[in-house]
Amino acid sequence: MQSFSQKVYAVVSKIPRGKVFTYAEVAKLAGNPKAARAVGNILNNNRNPKVFCHRVIRSDGSVGGFAFGNSKKIKILRSEGVNIQNGKVIR
DNA sequence: AGGGTGACCCGCT
DNA sequence: CAGCGGGCCACCC
């Protein structure tokens with residue numbers, strides 16, 4: 001049985017390298033476009049190391065938050081090939 | 001069963 | 001353009 005959190009994990013895990021998904025996008029793909037908040041809650045409470053949580057950003061392009069440090073998140077994203085300027089992701 | 005929290009989003013001022 | 005508030009959903013205690 002796939003709970004919303006499980007779906008979120010599945011979607012996030014499917015994020016290809018060098019690409020970034022917004023919480024709203026993940027929530028929508030998970031089945032609830034308005035559950036962006038729930039996505040953040042799930043990742044925050046679980047912050048599963050097996051999930052590419054660093055590839056999930058806000059709709060504004062901000063990295064949002066990261067359990068290991070948002071700076072680290074930005075660094076990782078840049079390594080992935082994502083364009084980041086002034087702490088914001090340019091996709 | 002109810003209340004509280006959170007890495008959010010949208011709208012208004 | 002920037003800042004503030006309200007509302008949405010899911011999970012935990």
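Throughout, protein chains are lettered first and strands after them, A, B, ... in sequence-line order, and every chain is numbered starting at 1. Fair warning: this is a prediction, and the values are worked out from it, not measured in the lab.
- Taking atom CZ on A/Arg58 and atom P on C/dC8, their separation rounds to 19 Å, with Å as the unit.
- A/Leu29 has its side chain out of reach of A/Lys14: every pair of non-hydrogen atoms, C-beta onward, lies at least 4.5 Å apart.
- Side-chain heavy atoms closer than 4.5 Å link hydrophobic residues (I, L, V, M, F, W, Y) into clusters, and following such links, even through other members, never connects A/Val12 to A/Val89.
- Here A/Asn44 reaches the OP1 or OP2 of B/dA7: one of its side-chain N or O atoms lies under 4.0 Å away.
- The aromatic rings of A/Phe52 and A/His54 sit perpendicular, their planes meeting at an angle over 60°, well past the 30° parallel limit.
- Using a distance-only test at 3.5 Å, with no hydrogens or angles considered, a donor-acceptor pair links the side chain of A/Arg55 to the main chain of A/Ile15.
- The separation between A/Leu77 atom CG and B/dA7 atom C1' is 13 Å, rounded to whole Å.
- Atom-to-atom, CG of A/Leu43 to C1' of B/dT5 comes out at 15 Å; the value is rounded to the nearest Å.
- Side-chain nitrogen and oxygen atoms of A/Asn32 include at least one within less than 4.0 Å of the OP1 or OP2 phosphate oxygen of C/dA10.
- Judged purely by atom type and a 3.5 angstrom limit, A/Lys73 uses its side chain to pair as donor or acceptor with the backbone of A/Gly65.
- When rounded to the nearest whole Å, the span between NE2 of A/His54 and P of B/dA7 equals 19 Å.
- Atom P of nucleotide B/dC9 and atom CG of A/Asn41 are separated by 14 Å, given to the nearest angstrom.
- Counting any heavy atom pair closer than 4.0 Å across all strands shown, A/Ala36 reaches sugar-phosphate atoms only and no base atom.
- A/Arg58 is listed as a side-chain neighbour of A/Tyr23, based on a closest heavy-atom distance under 4.5 Å.
- Counting non-hydrogen atoms of other residues, nucleotides and ligands closer than 6.0 Å to CG of A/Asn86 gives a total of 12 or fewer.
- Here A/Ser5 reaches the OP1 or OP2 of C/dC11: one of its side-chain N or O atoms lies under 4.0 Å away.
- When each of A/Val63, A/Val56, A/Val82 is paired with A/Val20, the side-chain contact (heavy atoms from CB on, under 4.5 Å) condition holds for A/Val82 and for no other.
- Residues from residues 10-23 of chain A placing a heavy atom under 4.0 Å of any atom in DNA chain B, listed by number, are A/Tyr23.
- The separation between A/Phe66 atom CZ and B/dG6 atom P is 19 Å, rounded to whole Å.
- When rounded to the nearest whole Å, the span between CG of A/Asn48 and P of B/dA7 equals 17 Å.
- Between A/Ile57 and A/Asn45, it is A/Asn45 whose nearest contact on DNA chain B lies nearer the 5' terminus.
- At least one side-chain heavy atom of A/Pro16 sits less than 4.5 Å from a side-chain heavy atom of A/Phe21.
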Please tabulate the protein-to-nucleotide N/O contacts below 3.5 Å involving nucleotides 4-7 of chain C, giving atom names and distances.
residue: C/dG7; atom: O6; partner: A/Arg37; partner atom: NH1; Å: 3.0
residue: C/dG7; atom: O6; partner: A/Arg37; partner atom: NH2; Å: 3.1
residue: C/dG7; atom: N1; partner: A/Arg37; partner atom: NH1; Å: 3.4

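- Across the protein-nucleic acid pair, A/Leu29 atom CG and C/dA10 atom C1' stand 17 Å apart, rounded to whole Å.
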